Amino acid sequence: MTKGVIAITGPTASGKSALADQVALALGSEVISADAMQVYRGMDIGTAKTPVAERLVPLLLVDIVDPADAYSAALFQRDARREIDRLLEKGQVPILCGGTGLYLRAALDEMDFPSGQIDDGRRQRFQELADALGPEGLHRRLAELDPPSAQAIHPNNVRRVIRALEMLDEGVSYADQKAGFSRPSARYPQVTFALTMDRERLYRRIDERVDRMIADGLVKEVEGLVSQGAGEAITSRQAIGYKEIIDALEGRCSLDEAIELIKMRSRRYAKRQLSWSRRDPRTIWIDMDEMDLEEAVAFVLSESEVVR
RNA sequence: GGCCAGAUAGCUCAGUUGGUAGAGCAGCGGACUGAAAAUCCGCGUGUCGAGGGUUCGACUCCCCCUCUGGCCA
């Protein structure tokens, strides 16, 4: 019998954390968070981190990075696999739960990232090159060096063009790497569940959750982070719920406008998360309109027998 | 009660001399291999308030009705 990993994903505010907690409790295991923003210390309210007192089992890979520091899919892969291996060795079934599709796949599927460190200097250089050449110019540069990769990336997607150029510096073609994505091969025996529900209901839940974050003191949390100098941090600065509040605090918009924007961006984020799950044929869907939490737990347990 | 203005996409509105309609925002779909809550791509979704008339043809003109603002009583 091969033990493997149970993964639970789905759009923001769909109830993944509660489900994962219950499943882990039932199996006597632990939950590994797969969330690009929950890794940051002090970003609690806005990332909807389950409060410590409410956790039924240990929640791993949250609060592991300072908000001023950069984190990445490659680092998550290393960290998550370490936790997965540790639990598997103890005979437990790891529950990987989170909404960051890339992180989930980086942990569970074969995915090789070129060399070791991110070279900030090099990235900066490419960014400057991009500013100088413009999107088209930068894309043309990539086309000269690596036509297949240029073909695969839209010229306007400067961020990815830069990444492809970085990879080329390390002797790897973006196009080659990307090819593996369409036919993923599992690193661990695994079953991935994705939550879904009626779109209007989901959006209502998102709105309510944002209002609750504000009521729970999101503004104060952001003020605290900014006063610690995290306002400039590259990654945490991208988090929905944080960048908007910072804009409000610095007078670029009203608080009400910021709140509406948080809701809107959360909706779009939820859509992107769903689209990530849809394209993976291995996804087992859980329609939360038709199951309550208890039924969903039972469903996950029965559908995951092959890995536990 | 009278007069005026308006009624077109989910919202705010545009619509040229009559040829069945288009912008922004919202929304929807997609991509994704070291920033991923990031980044990027694609898509108008419509009884033009209802009914009648003129016309080959009406969102455009005429009549009537309904509703919403405003003004006068």
Side-chain angles (χ1 to χ4, degrees), chain A residues 9 11-13 33-40 43 46-49 65 67 69-79 98-120 122-124 126-127 130 135 139 149 151-170 172-185 187 199-200 202-203 206 209-210 213 233-245 257 260-280:
Chain A
T9 187
T12 183
S33 164
D35 186 301
M37 294 300 157
Q38 289 192 2
V39 297
Y40 290 104
M43 293 173 64
T47 63
K49 226 175 261 172
V65 191
D69 292 340
Y71 196 65
S72 71
L75 294 174
F76 179 80
Q77 179 181 65
R78 180 199 65 194
D79 295 339
T100 305
L102 179 63
Y103 282 19
L104 222 54
R105 291 332 336 155
L108 296 180
D109 292 337
E110 293 301 346
M111 198 180 272
D112 291 323
F113 299 108
S115 83
Q117 297 297 308
I118 308 172
D119 185 338
D120 285 332
R122 179 171 56 204
R123 180 162 288 182
Q124 174 111 26
F126 279 124
Q127 186 59 59
H139 190 260
S149 293
Q151 183 75 29
I153 305 172
H154 193 283
N156 288 349
N157 203 345
V158 176
R159 205 130 149 163
R160 205 153 284 154
V161 174
I162 289 178
R163 178 63 199 141
L165 289 166
E166 285 179 354
M167 289 169 70
L168 221 50
D169 260 15
E170 300 188 5
V172 182
S173 165
Y174 173 91
D176 290 347
Q177 295 264 310
K178 179 176 137 54
F181 209 40
S182 47
R183 28 188 163 74
S185 68
R187 179 184 176 85
R199 194 60 66 88
E200 289 200 10
L202 179 65
Y203 286 179
I206 288 174
R209 174 137 104 174
V210 172
M213 286 174 178
I234 178 74
T235 307
S236 50
R237 176 75 232 241
Q238 301 181 142
I240 296 172
Y242 292 83
K243 52 188 165 192
E244 296 83 1
I245 297 294
E257 285 167 342
E260 282 315 303
L261 204 53
I262 292 170
K263 291 175 178 173
M264 189 190 90
R265 289 187 174 150
S266 297
R267 290 197 289 272
R268 292 180 175 171
Y269 174 45
K271 259 157 45 73
R272 273 179 274 133
Q273 290 174 306
L274 285 166
S275 137
W276 194 284
S277 288
R278 270 189 219 115
R279 77 138 158 197
D280 191 331

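If you're wondering where the values come from, they're calculated on a predicted model, not measured in any experiment. Chain letters run A, B, ... following the sequence lines, proteins first and then strands; every chain starts at 1.
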Legend entry - Short side-chain N/O contact from A:Asn156 to OP1 or OP2 of B:U39, under 4.0 Å: no
Legend entry - Nucleotide paired to B:A21 in any strand shown, Watson-Crick or G-U, under 3.5 Å: none
Legend entry - Contact under 4.0 Å: A:Arg160 side-chain N or O vs B:A35 OP1/OP2: no
Inset, instruction - Please report, rounded to the nearest Å, how far the P atom of B:A31 is from the CZ atom of A:Arg278. - result: 9 Å
Inset, instruction - Using only side-chain N and O atoms of A:Arg163, determine if any of them is under 4.0 Å from OP1 or OP2 of B:U33. - result: no
Inset, instruction - May I ask you to say what A:Tyr242 touches in the nucleic acid, namely base, sugar-phosphate or nothing, with a heavy-atom cut-off under 4.0 Å? - result: nothing
Inset, instruction - Please work out if A:Ser275 contacts a base, only the sugar-phosphate, or nothing of the nucleic acid, heavy-atom cut-off 4.0 Å. - result: base
Inset, instruction - Name the nucleic acid region contacted by A:Arg265, choosing base, sugar-phosphate or nothing; use a 4.0 angstrom heavy-atom cut-off, strictly under. - result: nothing
Legend entry - Rounded distance (Å) that lies between atom C1' of B:U39 and atom OH of A:Tyr269: 14 Å
Inset, instruction - Identify whether any heavy atom of A:Arg105 sits under 4.0 Å from a base atom; if not, whether one sits that close to sugar-phosphate; answer base, sugar-phosphate or nothing. - result: nothing
Legend entry - Closest-nucleotide ordering on RNA chain B, the 5'-leading residue of A:His154 and A:Thr47: A:Thr47
Inset, instruction - Please report the closest heavy-atom contact between A:Gln38 and A:Ser33, naming both atoms and the distance. - result: OE1-OG, 3.6 Å
Inset, instruction - Have a look at A:Tyr203 and say if it touches a base, only the backbone sugar-phosphate, or nothing, with a 4.0 Å heavy-atom cut-off. - result: sugar-phosphate
Inset, instruction - Kindly assign one of parallel, tilted or perpendicular to the pair A:Tyr71 and A:Phe76, based on the angle between their ring planes and the thresholds 30° and 60°. - result: perpendicular
Inset, instruction - Nearest whole angstrom, please: distance from the C1' of B:A37 to the NZ of A:Lys243. - result: 7 Å
Legend entry - Under 3.5 Å on both distances, the Watson-Crick or G-U partner of B:C67: B:G6
Inset, instruction - Applying side-chain contact (heavy atoms from CB on, under 4.5 Å), run through A:Ile206 and A:Tyr269 and close with a yes or a no. - result: CA-CA 11 Å; A:Ile206 288 174; A:Tyr269 174 45; over 6 Å; no
Legend entry - For B:U55, the Watson-Crick or wobble counterpart (both distances under 3.5 Å): none
Inset, instruction - Check A:Ser149 against A:Ser173 and note the closest heavy-atom contact, atom names and distance. - result: OG-OG, 3.2 Å
Legend entry - Sugar-phosphate only, base, or nothing, as touched by A:Asp35 at under 4.0 Å among non-hydrogen atoms: base
Inset, instruction - Using a 4.0 Å heavy-atom cut-off across all strands, classify A:Gly241 as base, sugar-phosphate, or nothing. - result: nothing
Inset, instruction - Rounded off to whole Å, could you give me the CE-to-C1' distance for the A:Met264 and B:C25 pair? - result: 9 Å
Legend entry - N or O in side chain of A:Arg268 less than 4.0 angstrom from B:A37 OP1/OP2: no
Inset, instruction - Would you mind pulling out the nucleotide paired to B:C40, Watson-Crick or G-U wobble, both distances under 3.5 Å? - result: B:G30
Inset, instruction - Figure out the CD/P separation between A:Glu257 and B:A26, and round it to whole Å. - result: 14 Å
Legend entry - Sugar-phosphate only, base, or nothing, as touched by A:Arg123 at under 4.0 Å among non-hydrogen atoms: base
Inset, instruction - Using a heavy-atom cut-off of under 4.0 Å over every strand shown, decide if A:Thr12 touches base, sugar-phosphate, or nothing. - result: nothing
Inset, instruction - In whole angstrom, give the distance that lies between atom CD of A:Glu260 and atom P of B:G10. - result: 20 Å
Inset, instruction - Round to a whole Å and report the spacing from CH2 of A:Trp276 to C1' of B:A36. - result: 7 Å
Inset, instruction - List the atom of A:Ile262, the atom of A:Ile240, and the distance in Å for their closest heavy-atom pair. - result: O-CG2, 3.9 Å
Inset, instruction - Have a look at A:Lys271 and say if it touches a base, only the backbone sugar-phosphate, or nothing, with a 4.0 Å heavy-atom cut-off. - result: base
Inset, instruction - Pick the P atom in B:G19 and in B:G46, then give their distance to the nearest Å. - result: 23 Å
Legend entry - Complementary nucleotide for B:U60 - Watson-Crick or wobble, under 3.5 Å: none
Inset, instruction - State whether A:Thr100 places a side-chain N or O below 4.0 Å from either non-bridging phosphate oxygen (OP1 or OP2) of B:A37. - result: yes
Legend entry - Closest non-hydrogen atom pair between A:Thr12 and A:Arg209, with its separation: OG1-NH2, 3.0 Å
Legend entry - Residue whose closest nucleotide on RNA chain B lies nearer the 5' end, A:Ala239 versus A:Ala73: A:Ala73
Inset, instruction - Both distances under 3.5 Å, Watson-Crick or G-U wobble: report the partner of B:U16, or none. - result: none
Legend entry - P spacing across the pair B:G69 / B:U45, given as an integer number of angstrom: 32 Å
Inset, instruction - Please check if the side chain of A:Gln77 supplies one atom and the backbone of A:Met111 the other of a donor-acceptor pair under 3.5 Å. - result: yes
Inset, instruction - Work out which heavy atom in A:Ile162 is nearest to a heavy atom in A:Ala130; give both atom names and the distance. - result: CD1-CB, 4.3 Å
Inset, instruction - Remember a base hit wins even if backbone is also touched, and classify A:Phe76 as base, sugar-phosphate or nothing at under 4.0 Å, heavy atoms. - result: nothing
Inset, instruction - Let me know the distance between CZ of A:Arg267 and P of B:G10, rounded to the nearest Å. - result: 16 Å
Legend entry - Phosphate contact (B:G10 OP1 or OP2) by A:Arg199 side-chain N/O below 4.0 Å: no
